[in-house]
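As the structure is a prediction and not an experimental result, all values here were calculated from the model.
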Amino acid sequence: MSSEAAPGGPRNCGDIPKPVFSVDTQRILDEEIGKDLTAQELKVQRRILDLEHEISALRSRQNILRCPVNRMLPPEVLLRIFLLHPASTCKSKRIHLSHVCRQWRHIALESGAFWADLLFTTTEMTKLMLSRSNEALLTARCDKLDWHHREILATILLQRDRLHTLEISGPKDILLLPPSKPGSQTAPFLQSLTLTNLSIPVWKSLPLGPSVTELRLDCPKVTSRPTSQELFGSLAEMPLLRILHLSHLLPTKEASRQSGTKLTKQPLSLANLRELRLRDVLPRVNHFLASVGISYSAAVFIDFKDAATTIESLDEFLEVLGMSWSLGGYETCRWDDEESGIQEISIENFNRVHSIHRPSIALSFAVDIVPNLTVSFIKNNDNGTDAATFLAVLDKKVNLTQTLLQANVNSCDDLRDDVFWDQLGSCCSMEDITFMKSRAYEDFFIRSVMVAEGSAFTGDADEVVLPEDFFPSLSSISLVQCDLTQGPTDYGGLTAIADYLETRTDASNTIVTLGIDECRNLDEERFHRIAGPFPKTKVDWDYDEDMSEDEVDSDEPSDSDKYYRY
């Protein structure tokens, strides 16, 4: 038999290159296996550990060579970048960043600020982050508090002397804070406290302190309102407060009497306040405003919970607010000043921002004599006349019907309030009304058609609203980013607009321009339904289709850029 290896078979062992090992490894490999196997195995294990350490060090060096960020940026800059990473409700931010490489992990473990943005995952994770955060100021945010988070929250509140930001939102039936020990509720470094949809059984359990600049409390399930002494006493200890939101937490005069508190004649000064939002019944709102002095530069937002408001109660509200608002601390708000005319109002729906599912009235005054004010109302009947009542009170205070020039209806889908439109329409100087992302334009056009046809009546008087008394100076109607499809009823959308345009006759006092810009569900075919010609009316449509790729770099106007005027 031939001694040569078969084709494809293994070659002679002498032809295989012998691997080259380090001296220490080769020495172990050259040793003969003796009787003391335990000692030899120990040598092998030690050598393996040494090699693993060498490989780890080489990989770390490789990361440095491959990653210019680690070479170019010092650790303190990398840490600032890490802290800019968006907060997360899971542990991925900390775990992933701290496991990229040895340098990143070292930076993360050495920085208390990296672990100070606490997570609501498990109590163990919270305790781990607290231990790694060292003495850094803490931030805790949870947008959906659950029952299993209560232990985590209790753990965090044990560190209230290190709290910087606390923002918690949860179900109404969760009691947020247990009573704390006397003197332990102070949070000296806390700057922002936001509690939404939570119940506060004991006011003194709140982690408040002298550094608070933002305080937002929304407690729809009231278990125990603070007394006047507790609320105003806490506010007096927050001299830096700039934003204050209180919902369902305002005390009453009766509460202050029961607590034996004697309010001082001088209202509590909130000199640095820039934004005040109150949501409660009207008597509680009035009591709060009568007890504080508000900076003149503060914007005020009021949401009335009352089932019904009257001209008298709203008149008292404006009087109290005027006394609370101050001009540099020396003069009160002058509603009756001849120069304080309101030139512009906005009717908005804040349901996505402030959980208010109803229209709000925002006021912008002509001069700096009266600050900015926004008021929201609930519907007390099918007509929802609270907003109209407030306009009537404003007319009494500042002669609204003579000074108002412009109205904006923004993101408001429901304004089926004939009394409101009649009150707004009585403003004889109003020249412009704009609807932005709002289907309330349908209510305006429908009411306008009823007035033109003589079928619009005013409340209980059964008096016909005359066309010459309904927006007599209106010259511009703008629809911006509105949906022009027909609504859930058989009447609305373009049908309501077309009927309005057809009711305008040559006898109309003014020429009205209807501007349509960036509205949905409108094409050339549908536009011709309202294009006219109509007497005393101009219809402008800024129709701009997307340019094709060939037109992007062209300076010449294309056929796709069209502007229609009829």
Asks: So, the side chain of Thr434 versus the backbone of Asn408: is there a donor-acceptor pair under 3.5 Å, distance only?
Replies: no
Asks: Backbone N or O of Met436 within a donor-acceptor pair of the Gln481 side chain at under 3.5 Å?
Replies: no
Asks: Do you know the tightest heavy-atom contact between Cys428 and Pro472?
Replies: CA-CG, 3.7 Å
Asks: Are the side chains of Leu235 and Leu244 in contact, using a 4.5 Å heavy-atom criterion?
Replies: yes
Asks: Can you find a heavy atom in the side chain of Ile294 that is under 4.5 Å from one in the side chain of Ser324?
Replies: yes
Asks: Decide yes or no for Trp421 and Val451: does some side-chain heavy atom of the first lie under 4.5 Å from some side-chain heavy atom of the second?
Replies: no
Asks: With side-chain contact (heavy atoms from CB on, under 4.5 Å) as the test, would you mind laying out the steps for Arg447 and Asp422 before giving the verdict?
Replies: CA-CA 9 Å; Arg447 187 61 177 174; Asp422 294 344; 2.7 Å; yes
Asks: Would you call Asp303-Arg277 a salt bridge at under 4.0 Å N-O?
Replies: no
Asks: Going by heavy atoms in the side chains, are Phe435 and Asp443 under 4.5 Å from each other?
Replies: no
Asks: side-chain contact (heavy atoms from CB on, under 4.5 Å) between Leu494 and Leu522: does it pass, once the steps are laid out?
Replies: CA-CA 9 Å; Leu494 289 180; Leu522 183 65; 4.2 Å; yes
Asks: Between Ser478 and Gly515, is there a donor-acceptor pair closer than 3.5 Å when you use the side chain of the first and the backbone of the second?
Replies: no
Asks: Yes or no on side-chain contact (heavy atoms from CB on, under 4.5 Å) for Val539 and Ile497, after CA distance, side-chain angles and deciding distance?
Replies: CA-CA 11 Å; Val539 182; Ile497 298 175; over 6 Å; no
Asks: Out of curiosity, Trp541 CH2 to Asp517 CG, how far, rounded to the nearest 0.5 Å?
Replies: 11.0 Å
Asks: What heavy-atom pair brings Asp432 and Leu474 nearest, and what distance separates the two atoms?
Replies: N-CD1, 3.9 Å
Asks: Test your reading of the model: is there a side-chain donor-acceptor pair from Ser291 to the backbone of His287, 3.5 Å cut-off?
Replies: yes
Asks: Could you pull out the closest heavy-atom pair between Leu250 and Arg225, with the gap in Å?
Replies: O-NH1, 2.8 Å
Asks: Take Phe445 and Asp499, measure what side-chain contact (heavy atoms from CB on, under 4.5 Å) needs, and give me the verdict at the end.
Replies: CA-CA 8 Å; Phe445 286 125; Asp499 287 353; over 6 Å; no
Asks: Without swapping roles, check the side chain of Arg526 against the backbone of Asn521 for a donor-acceptor pair under 3.5 Å.
Replies: yes
Asks: Could you tell me whether a side-chain N or O of Arg216 sits under 3.5 Å from a main-chain N or O of Thr196, the two making a donor and an acceptor?
Replies: no
Asks: With a 4.5 Å limit on heavy-atom distance, are the side chains of Arg439 and Thr485 in contact?
Replies: yes
Asks: Fit a plane to each ring of Phe444 and Tyr500, take the angle between them on a 0 to 90° scale, and name the class: parallel (under 30°), tilted (30 to 60°) or perpendicular (over 60°).
Replies: tilted
Asks: Taking atom CD1 of Ile302 and atom CG of Leu282, what is their separation to the nearest 0.5 Å?
Replies: 9.5 Å
Asks: Would a distance-only check, ignoring hydrogens and angles, find a side-chain to backbone donor-acceptor pair under 3.5 Å from Ser429 to Leu405?
Replies: no
Asks: Looking at side-chain heavy atoms only, is the closest gap between Leu249 and Arg284 below 4.5 Å?
Replies: no
Asks: Distance from Ile243 atom CD1 to Glu275 atom CD, nearest 0.5 Å?
Replies: 5.0 Å
Asks: Test your reading of the model: is there a side-chain donor-acceptor pair from Arg274 to the backbone of Asn272, 3.5 Å cut-off?
Replies: yes
Asks: Using a 4.5 Å cut-off on heavy atoms from C-beta on, say whether the side chain of Leu484 contacts that of Tyr441.
Replies: yes
Asks: Please name the pair of heavy atoms, one in Leu231 and one in Pro251, separated by the smallest distance, quoted to 0.1 Å.
Replies: CD2-CD, 3.4 Å
Asks: What heavy-atom pair brings Ser448 and Phe470 nearest, and what distance separates the two atoms?
Replies: OG-CE2, 3.4 Å
Asks: Give, for atom CZ of Arg242 and atom OG of Ser192, the distance between the pair rounded to the nearest 0.5 Å.
Replies: 13.0 Å
Asks: Heavy-atom distance under 4.5 Å between the side chains of Leu276 and Phe301, does that happen here?
Replies: no
Asks: Rounded to the nearest 0.5 Å, what separates atom CG in Leu289 from atom CE in Met323?
Replies: 12.0 Å
Asks: To the nearest 0.5 Å, how far apart are NZ in Lys437 and SG in Cys519?
Replies: 11.5 Å
Asks: Please report the shortest heavy-atom distance between Pro267 and Val292, naming the atom on each side.
Replies: CB-C, 3.6 Å
Asks: For a quick check under 3.5 Å, do His245 and Glu214 share a side-chain donor-acceptor pair by atom type?
Replies: no
